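Contents: one structure, followed by commentary.
So you know, we letter chains A, B, ... as the sequences are listed, proteins then strands, and number each from 1. Because the structure is a prediction, the values reported are computed rather than measured.
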There are 2 protein chains.
Amino acid sequence: MGLETEDLRQIDALVGHRIRLRKGEALYHAGDRFTALYAIRIGSLKTAVPAGEGREQVSGYHMLGDIIGLDGISTERHGCQAMALEDSDVCVLPFERIEEMARAVPPLQQNLHRLLSKEISRDQGVMLLLGTMRAGQRLAAFLISLAERYKQRGYSSTEYVLRMTREEIGSYLGLKLETVSRLFSRFQNEGLIRVQGREVKLLDPVALRQRVGQRA
Amino acid sequence: MGLETEDLRQIDALVGHRIRLRKGEALYHAGDRFTALYAIRIGSLKTAVPAGEGREQVSGYHMLGDIIGLDGISTERHGCQAMALEDSDVCVLPFERIEEMARAVPPLQQNLHRLLSKEISRDQGVMLLLGTMRAGQRLAAFLISLAERYKQRGYSSTEYVLRMTREEIGSYLGLKLETVSRLFSRFQNEGLIRVQGREVKLLDPVALRQRVGQRA
DNA sequence: CGCGGATTTGAACGGAGTCAATCCGCGTGG
DNA sequence: CCACGCGGATTGACTCCGTTCAAATCCGCG
């Protein structure tokens, strides 16, 4: 996901400019011409793929250090929309310049490949979640994955604030918002978490993790 | 998905050796060390990611010209298993050599990036399928996608032989094998297709395509 | 020719969706 | 300052699609 500090310095060398986004503002839309990748420096974004008839599915939640836009390379057009979930700041990484530098700097080339491959692995994880897990397992997996990502970034791994609505979480997990809401309540009753609106505290991460692997 | 003839010639230059696979034989397993990508020259393979407790989910069906193994780059280990669905032949493309050549030959570099990005787009399509579609829509989408891929390769786009069992198809689509079987029967009763075992004929591709987009 | 895996089909169950009512929190304007 | 409005969240009742369990049949292959 994120890159090492060493690599960040390399990245800095090819940064174009920065873009400020207000909450709810789109960085790009599905169908827009692809020219660059974007590194998140402040805030968080969701990506959503069009699902016909104006509907859409949330395909990812991205935070500090994440690099987005990778799916646009093949068609030269973005396949999804990226929207700020809060006021955010992203760096523009012109892709042509990335390719140039990747040719000259092998470690950067490797990082790029790893980045792309990691995204593939991430997507496979989501496919597994959507294809084989029950609703409760999905939400548990989601909460744990968030915890791990916050931890990596130096934040608390047991307490965080959701940036997405119940509906967006549901869309991401292939569930309806009512189901997500009910599961939050159930997890709270079972003493696994404490929820209040978007504030979440994981009271029993171990039990939560077990939930992911079991058939209930 | 596949590459142009021009590119295939480039690829040929970096081919290692060939591997012959018998039906049911694995090209690699999840956890195996990653060293190369593989181009399918004859036959077809499925990829499957482990899903805990010996279970697994089919994550892809790959045929002539497809290149597999992309998810192993980031961790240097394969994240899934690749198994031949029939006697097959694959070319080994040592990844180190690919990276070398990509540095020297920009068009090859671009192809590699496109390849990786295309895989991400494909996965997003599957996520959409698993996250938003009903069972009937999923199978219809699957049948159509197969038709398109066969067409691209010069085969009939309305008549083909499934290489996967009902169970494997179900696993790929997030359904149980009984559901897949029932849907085949229903589609046949509705005059959309003709099925006999693994032989499928699309009688009304247009209606089938409509099925994907509607809420039933 | 017979075995075993794959497929089909039926009946009953249950988990998540749908529809609907209510509540909560927050920004906005009177 | 506070009442109002509105989007988001919660909760309940009921429905329905896909699963589960079970049995029968088909079929490829040794």
Side chain of A:R166 only, heavy atoms from C-beta on: which candidate in D:dA9, D:dT11, D:dT20 is closest?
D:dA9
Protein-nucleotide distance (B:E178, atom CD; C:dG5, atom C1'), rounded to Å:
14 Å
Please work out which of the three classes, parallel, tilted or perpendicular, describes the rings of B:H78 and B:Y28, given edges at 30° and 60°.
parallel
Less than 4.0 Å between a side-chain N and a carboxylate O, is that true for A:R153 and A:D66?
yes
From C:dT8, D:dA9, C:dA6, pick the nucleotide closest to the side chain of A:R198?
D:dA9
Whole-Å distance between D:dA9 P and A:R186 CZ?
19 Å
For B:K176 and C:dA16, give me the distance from atom NZ to atom P, rounded to whole Å.
13 Å
Using a 4.0 Å heavy-atom cut-off across all strands, classify B:G170 as base, sugar-phosphate, or nothing.
nothing
Nearest-nucleotide pick for B:T179, side chain only, options being D:dG8, D:dT10, D:dT19
D:dT19
Spacing between A:Q196 atom CD and D:dG8 atom P, to the nearest angstrom
19 Å
Between A:E119 and A:R122, does any NZ, NE, NH1 or NH2 come within less than 4.0 Å of an OD or OE carboxylate oxygen?
yes
Base C:dG15 paired with A:R182 side chain (donor-acceptor, <3.5 Å)
no
Could you work out which one of D:dT20, C:dA6, D:dG18 sits closest to the side chain of A:R134?
D:dT20
If pairing requires Watson-Crick or G-U wobble contacts with both distances under 3.5 Å, which nucleotide is the partner of D:dC29?
C:dG2
Counting side-chain heavy atoms from C-beta on, which of D:dG18, D:dT10, C:dT7 comes nearest to B:T165?
C:dT7
From C:dA6, D:dA9, D:dT20, nucleotide with atom closest to A:S181 side chain
D:dA9
Residue A:S185, side-chain heavy atoms: nucleotide from C:dT18, D:dT11, C:dA16 that is nearest
D:dT11
Report the nucleotide, chosen from D:dA22, D:dG18, C:dT7, that has the shortest atom-to-atom distance to any side-chain atom of B:L177.
C:dT7
In this structure, how many angstroms lie between the P atom of C:dC24 and the CD atom of A:E199, rounded?
17 Å
Let's go through B:Y160 and B:Y155 carefully: what are the C-alpha distance in whole Å and the side-chain angles of both, what is the deciding distance for ring pair (Phe, Tyr, Trp, His ring centres under 6.0 Å) to 0.1 Å, and is it a yes or a no?
CA-CA 8 Å; B:Y160 49 78; B:Y155 301 121; over 10 Å; no
How many Å lie between CE on B:M133 and C1' on C:dA16, as a whole number?
19 Å
Tell me: CG of A:L162 to P of D:dG8, nearest whole Å?
15 Å
Pairing of A:D89 and A:R20 as salt bridge, 4.0 angstrom limit:
yes
Would you kindly give the CG-to-C1' distance between A:L85 and D:dG8, to the nearest whole Å?
15 Å
